[in-house]
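Counting starts at 1 for both ligands and their atoms, following the listed order.
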Amino acid sequence: MSNPTYPPNAELAANAHVNAEKYEEMYAASIADPDAFWGEHGKRLDWIKPYTKVKNTSFEPGNISIKWYEDGTLNVAANCIDRHLETRGDQTAIIFEPDDPEEGAQHITYKQLHTSVCKMANVLEELGVRKGDRVILYLPMIPEAAYAMLACARIGAIHSIVFAGFSPDALAARVNGCDAKVLITADEAPRGGRKTPLKSNADEALLHCKDTVKCLVVKRTGGQTTWIDGRDFDYNEMAMEANDFHQPAEMNAEDPLFILYTSGSTGQPKGVVHCSGGYLVYAAMTQEITFDYQEGDIYWCTADVGWVTGHSYIVYGPLANGATTLMFEGTPTYPDAGRFWAVCEKHKVNQFYTAPTAIRALMGQGTEFVEKYDLSDLKVLGTVGEPINPEAWNWYNDVVGKGNCPIVDTWWQTETGGHMMTPLPGAHATKPGSAMKPFFGVKPVVLEPTSGEEISTYPTEGVLCIADSWPSQMRTVWGDHERFEKTYFADYKGYYFAGDGCRRDEDGDYWITGRVDDVINVSGHRMGTAEVESALVAHRDVAEAAVVGYPHEIKGQGIYCYVTLMNGVEPTEELRKELRTWVRTEIGPIAAPDLIQWAPGLPKTRSGKIMRRILRKIAENDYGSLGDTSTLAEPAVVDDLIENRMNK
Ligand code: 6R9
C-alpha cells in the first residue's frame, strides 16, 4: 500500500535553507562526526568564552551523563536580544495579539525588548533573585511572560513556567518542588472572553508554600486583587523606577536555563531540566530550518509558554535567530472560529504552527471562516503535540494552505527540547500523518518491545528510541537524577526511550503511533493517568480509580475514569459532577474527566495489578477483542463494566 505524497513547493525549495540534496549531505555528516557537525553549528550563537569541547555524553547504565559545549560560556538573553541591537534594533521582535481583538496589537522592537527585559532583571534582583535561584512564572500569554523568561536567563536564574490553566494545588507543588524564591503572576488572565483569576489562585497556592516566597504581580486587566504587604510586589510600579540597563551574567553552557514540569506514566510530574548552550543552539537551528524561516518573515506559533513548544518556538528559538515572533493571548474560537485566520491576515503571517486538536475543532466549523481571509502570505504550516489524522491534515493542506504550503509534522517532547523528526519544507515530499525524517544529529531506532532488539528492516513497527544524544536533550530530572535514569534509560539499555511507539514504512519514513505507556494526550496536553487517579482517590467517597484514554473526535484522546465508590456511597449524577469539579480543582481544567463510569470492581490480576489493557479496550468500545482474560482474579467484573460502559 503506498501513501499519497506531496512534493515540496518548488518555489520554496529553490531558496530553502535546506533542500533534498543538502539534507542528505548534512544528515550524514551529523551522524558521522557529531563533534565536527555541532562544533560548526554551535557558532550560530555568540559565546563569551568559546567552547573547545563539543559532545561529552554517555547513555551507559549507571552513568547517564549529558554535556554539550561544556567549557563554553554565554548568556542566553544576550543571544536573544543584545546581539541583534546593532543590526535590527528597530525591527519588531514580538507582535502581541491580545485576547480581545478590539484592544489592538502591540509591536515590540528588539530595542524595546532589551529595555523591558533589563528592567525586569533589575526588578528581580531587587527582590533578591540571584544566579541559580528558581523563579516560577504563572502568567497569561502577554509580553511580560517573555520578559520574565529572558530576565531570568539574563541573571542566570532558572525559570519554571506553570501553565495558567493549572490549579492552586498544582502551582504550589511546583513552587515547592524547586524551592522557588519568587512567583511572578498577573492579576487576571483573559482568554476566550473569560478571565482566570491568576493572582487569587497564586494567593491560595502560597498558603502552602514557605512564607519567604515573594509574589511579583503584573497588571493585565486591572482586576481587583488582595494584597499582602511585604510579600506582594507591584511589577508595573517597580519597573517604572528600575534601571533600563542590566549586565547579562556569564553562564556556563551546562548551567540550567529552565525547569519545566511534565507528566510521566508514574507518580507526580517531574521537573525536566534544560541547560543554556546546547538547548539554544538546537532550538534556534530547528526554528530556522524546520519552518524555513527567512529574513523578514513573520512567524507565529500558537502554543502557550506554559508548554515546551512555547519555550523553544515562541521565545528562545525565534529570538535567537532575530526573527519576528507573534504571541497570541486568545483562543482559536474567540470571538469566532475565524480568529486564527484573521490574525494571519492582519499580521501577514508567513509560518504558522499549531496543534492537531485546534485544526480538528476548526474543521468542524466549516470552511467559510477560513475563506473570508487573505492567507496568501502563508508559506509553511506546522503541527505538533499529537499524531495528526489524515482528515485534519488534508483540511489544513487544502483549506488553509490552498495546496501551496508544505506541512511540517514535528515530533518531539518536553524532554527533547526541540524537533526530533519532521519533514523539511524544501527537502521532503510529505505524507499526511507522518513525521517523516530525523532532524540533524538524531538517530532514531525502532526496537522490538519485549526483547529490546533493534529492528533494522522496514516496513516495521515497535517502540521508538534514540541511539545517541543531541544538544537539547534534557540533562536530568530536577533534584532526582536517579528518576531520570529510571524513566528514560532503564527499559532499553543504551538508548533514550521516548515513550512513543512508531512505524517505519516501506520508504524508511517514520509514523508516530502514540504513547506506549500510561501517558495520555488530551488536546495535545500531556497527562499521566496516575495523576488523575490520585486526584480521584483523594476524594472522600472514592475507594479506587483507574483512568485511561479513549478516542475523542476533537481532543484526540478523552479522559475515561472507572471509579469504585466507598461502601454505602450512592452513585448519583450529582456525585459524578462533583468528582469532575474535584479533579478540575485538584489539577486544573485540562484534567477534567470526560466520562466517569461507576465500577463496582476493577479487573485485576491475582497479584492485584489493575489490567489497564482491558479497561482501555472497554473505553474504546472495542470489547470484542479483550484478549486473554484468563489471569483475571474475578472475570465477572468485566461483564459488568462492558454492560455499563459510557462510550456506547
Ligand atoms: C512538543 C510536545 C510529547 C508527546 C510525545 C508524543 C506526542 C508530540 C507529535 C506527537 C505524534 C507528533 N507528540 N508531537 N505525536 N506526532 N508530531 O508536544 O511535548 O507535551 O512533552 O508531549 O506528544 O506522544 O511523546 P510534550
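With distances taken over non-hydrogen atoms, the option nearest atom 19 (O) of ligand 1 out of Asp409, Thr414, Val384 is Thr414. Closest to atom 10 (C) of ligand 1 by heavy atom, among Arg515, Glu386, Arg526, is Glu386. Among Gly418, Gly385, Cys502, the residue whose heavy atom sits closest to atom 8 (C) of ligand 1 is Gly385.
Atoms of ligand 1 lying under 4.0 Å from at least one heavy atom of Thr410, given by number and element, are 9 (C), 12 (C), 14 (N), 17 (N). Atoms of ligand 1 lying under 4.0 Å from any heavy atom of Asn521, numbered from 1 in the order shown and given with element: 7 (C), 23 (O).
Taking a 4.0 Å cut-off on heavy atoms, Trp307 fails to register as neighbouring ligand 1. Using 4.0 Å as the threshold, Ala435 has no heavy atom nearer than that to any atom of ligand 1.
Tyr138 has its ring centre no less than 6.0 Å from the ring centre of Phe166.
With hydrogens and angles left out, the side-chain atoms of Asp500 and Trp411 include a donor and acceptor closer than 3.5 Å. Under 3.5 Å, the side chains of Asn321 and Gln287 contain a donor-acceptor pair of N or O atoms. Using modelled atom types, one finds no donor on one side chain facing an acceptor on the other under 3.5 Å when comparing Tyr458 with Glu506. A donor-acceptor pair shorter than 3.5 Å cannot be found between the side chains of Ser312 and Tyr282. Using a 3.5 Å distance cut-off with no hydrogens or angles, the side chains of Tyr261 and Arg174 do not pair a donor with an acceptor.
Nearest protein heavy-atom neighbour of atom 25 (O) of ligand 1: Asp500 OD2, 2.5 Å. In terms of protein heavy-atom proximity, atom 11 (C) of ligand 1 is closest to Pro387 N, 3.1 Å. Protein heavy atom nearest atom 2 (C) of ligand 1, with residue, atom name and distance: Trp412 O, 3.7 Å.
The shortest distance between side-chain heavy atoms of Phe439 and Met420 does not fall below 4.5 Å.
The shortest N or O to N or O distance between Gln413 and ligand 1 is below 3.5 Å.
Contacts between Thr309 and ligand 1, counted as non-hydrogen atom pairs separated by less than 4.0 Å, involve the side chain only.
A ring pair (Phe, Tyr, Trp, His ring centres under 6.0 Å) with Tyr496 holds for exactly one of Phe484, Trp470, Phe59; it is Trp470.
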